[in-house]
Amino acid sequence: MAAVGSTGVGAVEPLVLVTHDGRTAAHARCTPDRAADVVAAAADDPDGIADGADAVVEHEPGRPRLPALDLSGLDAGDRRVLGACGWRRPTEPADHEAAGGFAEHEATAVRDAAADLRGRGWGDWCRDRPLGGTWDAARAADGDPCVVVNGHGNPADALLLASAPFEVLEGAQAAARAVGGDRVVVYASSDDARAVEAVREAAERYPDPAASVDVVAGPPEYRAAEPTMALEAIEGNHRLEARLRPPGPEKEGLHGCPTLVHTPRTLAYLAVALREGGPADTRAVTVTGDVDAPATVELPESETLAAAVDAATVDGEFKAACVGGRFGGVTRSLDVAHAPEDLAEAGLGTEGVVQVLAEDRCIVEFVGKRAQFASETNCGRCVPCREGTTQLAERLRDVYDRNYDAAGIEELVRVMERSSICAFGEDAGRPARTAMAAFESEFEAHARGRCPAGRCMETTEGIAQ
Amino acid sequence: MSSERTDTADVPPLTEGIAPGTATDPDVSSDEPATVTVDGIEVSLDAGDTLLDAVEAVEPDESVPALCSYDRQEIGPRSECRTCMVETDAYGVVPACSFPVEDGMTVSTAAEAAAEARDVNLDLVLSDHNLRCTTCGKNGRCELQDAAIDQEVEEPRYGVLDDREEYEPIDDSSSFIQIDRNKCILCNRCVEACNDVQVEGVLRMEGSGQDTRIGFQNDAATMEESTCVSCGHCVTVCPTGSLVEKGIEDATTIPIPGFTQKNSVGKTYENSGETKGPMTPKKRPERPDADGESATADEGSSAGDDPGGVWSDDGGDWP
Ligand code: SF4
Ligand code: SF4
Ligand code: SF4
Ligand code: FES
């Protein structure tokens, strides 16, 4: 019996897996009583593990990663990067080693693997860009490079830190070696206590690390995930503000040293690429919002967003999704592959989070709240973001006053995207911009005093009087 | 630059503990001399120069306000106003004031995307500004006014800060300096003058979002209670009427009966009349651990009751 971390699919947990002779039976949503019964039964009769199970799968004995199970969210195929989650003991080096981990890779091999690997998530300094150029710049810069693992705020990153910390640390160690660095700092939100704890324990138990590892819990604010604000938080600034760029952290980063800032996802993909001799062409996607429970799944890049949403049960009728995190794009259609270029072409974000909005959601209200969130939580440094988000929220509110200035909002969002210092301001207008395109008639209906979802009636009636 | 690092041995001990609340920016000056082309004209630049130096050398037809740029002493670039955007072939639209020059760059000031960004951003600055020039001591010598005139702003598209409820009281408590935060454009010059040039450690940037403001490192509510030594440097660098010298706060106002600088805002913190003791700089008593473990931001967590369990963005009442 071993306690493993979460699989990332909350709806089936607590999950008890019983493995015997190349066969695994899954018992979903176990109460403590049921779990005890399952364990007792398995001890009695190892061949009868399938009795009463929710799913059974045959696989190679000693398989190092979670097999696909016929359970919603875990049936999407081979989890190459999330495979340790829910299968291996998170902080047990032996489990990671048995899965082929802790192998030493030549610095050149690591650099080759990184050359085409794209950074994942807005917390990654190389978001959607290959790591290679940034690494070269870090190697060429003065000072000892260091690696910051930015695990702040993304559910897949928090999952990896909590359930598969060795995958992440191995990628970080390889990256440090490849750029000649000797220091790794893992940074996560203080709200993700389990992630912080697990990665701290894993760092302590990491056999012969080439680079020292520190674990830092930062403030939970959304903006604290921005790569340069992460550096500010690690350095201990009492106020969180984005740093100017260029130059980026690869030249002048943590305490002035050249610094790679990557998310746990990026580094886990690097570790798997090194082990398997090539990158996994999958993406980790978290489905959240109006669903029974958030689920993090791993899907081929060519799969559509619809496949990701299938991993969870929508509460009600699907209406739209906000794709790409809090400041993602709003879309009606899930017929978009989640490779970054497909998402970008559809105007959506690549954060790896799909927030489902059910039929009773009002899109105008949704993007209005997003804009207000942006105006309240930005760092306050640059005008296009600080004042732009305020004006954006006000102009969206104006729609309720029968004043819908689509061209004005588009101009504002365009300038925020082009001239904000950091990704917070660059992305903050995206929900509004994309929603206006996809739900034009709803905006217009609001401007005539009607909320098609029936949610904003009081306000609009108030105005009509 | 504000908040030079304090963890290196060659920093004078005086700056230890100064907490300006601003990010530790990288060095944005170029490493090498360079030749760039601005609006078709070649410009030779020295090591350390930025694109703004190139733009200023050319004096383009387009107005490039560069409102928050100071570019003297150790102050700036803060690069917050974004009214200096220009288009480059290699990097797209960038802020000229803080972009290091690279040999062979081609820059256009007239490119539509850049012109639009400068225009919108200046209007955004004005949107948060108490535009009462007639009662302002900086009337006629205000950089914001100059920028608006150069940029030919007639009617700022987002209006101006005209809701009295939003006004911050004028801080008239110091015997030497008056602060009207309603005119502050958050250029950070005063903070850097106070911390990096005078090394007094009085002023800081505080808050976030719309609550971002100039405050005091000893947590004082008014200038009088701060540790200010009244050297006046912050006043010298302030581009607007936000920091003015007492005694000449009305120097350039246009006399209209009933309209004064103070009643334009309504509420004022007056001097308490008590004499202050010797004003030694009081450094911020504690800084978070260097490893950041105790680092907490100044606002609460945004986590809430989202049924999805991952986040909540309620952001207050809507609309
Ligand atoms: S974009 Fe927003 S969060 Fe980023 S630096 Fe500008 S004000 Fe700060
Ligand atoms: S006058 Fe006071 S606040 Fe201004 S720079 Fe001097 S010490 Fe700092
Ligand atoms: S008070 Fe003046 S110098 Fe200081 S930030 Fe505001 S506008 Fe700039
Ligand atoms: S002058 Fe360049 S951003 Fe303000």
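Letters A, B, ... are given to chains in the order of the sequence lines, protein chains preceding strands, and every chain is numbered from 1. Just so it is clear, the structure is predicted and the values come from calculations on it, not from any experiment.
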Item to check | side-chain contact (heavy atoms from CB on, under 4.5 Å) between B:Tyr158 and A:Leu412, worked out | outcome: CA-CA 10 Å; B:Tyr158 309 112; A:Leu412 176 61; 3.5 Å; yes
Checklist entry - So A:Glu376 and B:Gln210, side-chain contact (heavy atoms from CB on, under 4.5 Å) or not? Walk me through it. => result CA-CA 7 Å; A:Glu376 284 168 4; B:Gln210 279 300 306; over 6 Å; no
Next on the checklist: Hydrogens and angles aside, do B:Thr22 and A:Glu241 bring a side-chain donor and acceptor to less than 3.5 Å of each other?
Outcome noted: no
Checklist entry - Any salt bridge between A:Arg381 and B:Asp25, counting N to O under 4.0 Å? => result yes
Checklist outcome for this item: Rounded to the nearest 0.5 Å, the CD atom of B:Glu80 sits from the OG atom of A:Ser420 at a distance of 12.0 Å
Item to check | Part of B:Ala113 within contact of chain A (heavy atom distance under 4.5 Å) | outcome: both
Next on the checklist: Quick check against the 3.5 Å criterion: does A:Glu387 have a side-chain atom that pairs as donor or acceptor with the backbone of B:Asp128?
Outcome noted: no
Checklist outcome for this item: Highest number of heavy-atom pairs under 4.5 Å with chain B among A:Arg395, A:Lys251, A:Met229 belongs to A:Arg395
Checklist entry - Does some side-chain heavy atom of B:Val28 sit less than 4.5 Å from a side-chain heavy atom of A:Pro247? => result yes
Item to check | Contact class of A:Leu231 relative to chain B, heavy atoms under 4.5 angstrom | outcome: neither
Checklist entry - Is a salt bridge present between B:Glu116 and A:Arg414, judged by a nitrogen-to-oxygen distance below 4.0 Å? => result yes
Item to check | Side-chain H-bond candidate by donor/acceptor type, A:Ser419 with B:Asn121, under 3.5 Å | outcome: yes
Next on the checklist: Determine whether A:Ile421 and B:Arg82 satisfy the following criterion, side-chain contact (heavy atoms from CB on, under 4.5 Å), listing intermediate values before the conclusion.
Outcome noted: CA-CA 9 Å; A:Ile421 290 181; B:Arg82 304 270 154 164; 2.9 Å; yes
Checklist entry - Do you know which of B:Asp119, B:Leu186, B:Val125 has the most heavy-atom pairs with chain A at a distance under 4.5 angstrom? => result B:Leu186
Checklist entry - Can you check whether B:Ala117's main-chain N or O pairs, donor with acceptor, with A:Arg418's side chain at less than 3.5 Å? => result no
